[in-house]
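The next block holds one structure in the form of structure tokens; read it before the comments.
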Protein chains: 2
Amino acid sequence: MHERQAPITPAQPTETPPPQTRVDNAIRAITDHIHGQSLKVGDKLPSEARFAEWLGVSRTVIREAFKSLSAMRIIEMRAGRRAQVCGFDGSVIALSLTHALRTEQINPQQMWDARRAVETRTVTLAAIRRSDAEARRLLALVAQMHDCVDDLARMTEHDIAFHVAIAEASRNPLFPVLVAALTSAMRETNPMVWRQRRDDESRQEVVRAHEAIAQAIAAGDPEAACNALARHFDLASQGLVMAGFN
Amino acid sequence: MHERQAPITPAQPTETPPPQTRVDNAIRAITDHIHGQSLKVGDKLPSEARFAEWLGVSRTVIREAFKSLSAMRIIEMRAGRRAQVCGFDGSVIALSLTHALRTEQINPQQMWDARRAVETRTVTLAAIRRSDAEARRLLALVAQMHDCVDDLARMTEHDIAFHVAIAEASRNPLFPVLVAALTSAMRETNPMVWRQRRDDESRQEVVRAHEAIAQAIAAGDPEAACNALARHFDLASQGLVMAGFN
DNA sequence: TGGAAATAACTTGTATGATAGGTCGATTGC
DNA sequence: GCAATCGACCTATCATACAAGTTATTTCCA
């Protein structure tokens, strides 16, 4: 019963590449199906049993393949319902980056530098393309930050929301996802940096940097927005050094 | 047998959030274990059976959790061996982006714009920090591109290798990963753009744009590198329009 | 005694079959 | 016509079994 199929890989002499398992094949078959049928977000997939039959493997294999794709946010599974194609979402990227940070494969500065690269673009585009509602929203978020300089957790959430809001105003759906992933990966290191700033004045300085960005975007001035962003990142970098990173 | 544990979630009245399954819990428990024990790349995890015992669930559940983490490249599994913590790798991000492109949640221009944001930074850093060996490598890659203007597949690979090499020269390990993800996600749309350039001259123009970037980096001139990159992206954008995107 | 080959213990990969419980459309009763 | 009910289908989980890969141990021979 175990040998319905030919061996997966003909025992390659090479060592490094891990041999393909049936689950791997199933994953490929499923993604190929999605692509081949041009399925779009929300479209339903065939049931696990059907795939199992098509591929000539047990449902166990299909199940693991489905779960893998579900973990990668390519499909969404719920009990009783057929799996469906999932919307794009930065959470996988965020998780990947978080893992890289936690296992010390990259450090916070490097993450900040990537943010700087991306956000230099988002603030520029936001200053050009933002709607009035978005401009108001940014200013409102900054106001909220002013109110909670003592509450690190809330501050962090507002901070993230602020940067994501800018990315949304850039009108490129890829940017909010990237920014959300890069910022939320730093949820763990951020508080350490923040704690370096003991007095209110020092913290308000950071909030004012955000305010300057919001105002420049509201004013539709890309250059001023970039400068304000640069100041923001310089402050952050300074905080990182104080916190002992690098 | 089925009810060893209390119900996972107390039936929240909210609709949208999918109820947590035992596999989800297992995934969290495993990542927590990695983090809690400060495991680093290559460190081995406890066996599936052990986790199953700890969490009081069947091996099936742990198996699906392991497979999910394996799909996200957080751990690496191979038959017979215990799973181990996996090195950071852009392939998950690439897959996520590829899926977003295929399902038309983002379009090629938006992807290119994100690349522009990131690569503007990588060429700048590369011009400053590149070693001599890296400079030579970049020039060699361009030379290889000159030789295969007729072979789209090889050209695409060299193209990706070139941009990743620049990112490596930036000395921030996050950048090669991001660039690789963004570029390889476009493996499918790239050929269409290339095909717009029928004659050799038109194709060589693109290669020359790459050459200019390599030379600016080799010369250690960040500004020239940025300008050359801008030209490269303008050509690409032009190609996209010709290919009928947007 | 040193090293290589055989072995035992453990681990992952896959299959099978069973049950609980969620979802959704069709049917029925008012 | 509408709502409650039912049934078919589907996923979530469990238990068990066995094949096949890995690793440490032990054995055996030179």
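Side chains are part of it too, since the values below use all heavy atoms of this structure and drop only hydrogens, waters and symmetry mates. Chain naming here is simple, since letters A, B, ... match the order of the sequence lines and numbering starts at 1 in each. Just so it is clear, the structure is predicted and the values come from calculations on it, not from any experiment.
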**Report entry** B:Ile27 CD1 to D:dT13 P, straight-line distance once rounded to whole Å
**Finding:** 11 Å
Requested in this report: Just compare D:dG21, C:dT11, C:dT14 and give me whichever is closest to any side-chain atom of B:Ala79.
Outcome: D:dG21
**Report entry** Proximal nucleotide (of C:dT11, C:dT14, D:dT13) relative to the B:Ser47 side chain
**Finding:** C:dT11
Query - Interatomic distance, A:Gln84 CD vs C:dG22 C1' [rounded to whole Å] - result: 14 Å
Requested in this report: Could you list all the salt bridge (Lys or Arg N to Asp or Glu O under 4.0 Å) pairs where at least one residue sits in residues 30-46 of chain B, not counting sequence neighbours?
Outcome: A:Glu104-B:Lys40
Query raised in the report: What is the distance, rounded to the nearest whole Å, between atom CZ of B:Arg59 and atom C1' of C:dT12?
Result: 6 Å
Report summary line: note: B:Ile75, atom CD1; C:dT12, atom P; distance rounded to Å ~ 10 Å
Report summary line: Taken to the nearest whole Å, CD/A:Glu53 to C1'/C:dT16 is 16 Å
Report summary line: Side-chain contact check for B:Ser58: nearest option of C:dT12, D:dT11, D:dA15 is D:dA15
Report task. Output yes when at least one side-chain N/O atom of A:Arg22 is less than 4.0 Å from OP1 or OP2 of C:dA15, else no. Result -> yes
Query raised in the report: Which nucleotide in the set D:dT22, C:dC24, D:dC10 lies at the smallest distance from any side-chain heavy atom of B:Arg78?
Result: D:dT22
Report summary line: note: A:Met77, atom CE; D:dT13, atom P; distance rounded to Å ~ 9 Å
Requested in this report: Round to a whole Å and report the spacing from CZ of A:Arg82 to C1' of C:dC24.
Outcome: 11 Å
Report task. Report the nucleotide, chosen from C:dT14, C:dG22, D:dT13, that has the shortest atom-to-atom distance to any side-chain atom of A:Glu64. Result -> C:dT14
Query raised in the report: Quick one: A:Glu76 CD to C:dT23 C1', roughly how many Å, whole number?
Result: 15 Å
Query raised in the report: Is the count of non-hydrogen atoms from other residues, nucleotides or ligands lying under 6.0 Å from B:Arg73 atom CZ greater than 12?
Result: no
Report task. Give the ring-plane orientation class for A:Trp54 versus A:His33, where under 30° counts as parallel, over 60° as perpendicular and anything between as tilted. Result -> tilted
**Report entry** Among D:dC10, D:dT23, D:dT13, the one nearest B:Arg81 by side-chain distance
**Finding:** D:dT23
Query raised in the report: Just by distance, with hydrogens left out, do B:Asp89 and B:Ser91 show a side-chain donor and acceptor under 3.5 Å apart?
Result: yes
Query - Whichever of A:Phe66 and A:Thr60 has its nearest DNA chain D nucleotide further upstream toward 5' - result: A:Phe66
Report summary line: Sorted by chain and residue number, the side chain to side chain contact (heavy atoms under 4.5 Å, CB included) partners of B:Ala26 (sequence neighbours excluded) come out as B:Leu55, B:Val61, B:Ile62, B:Ala65
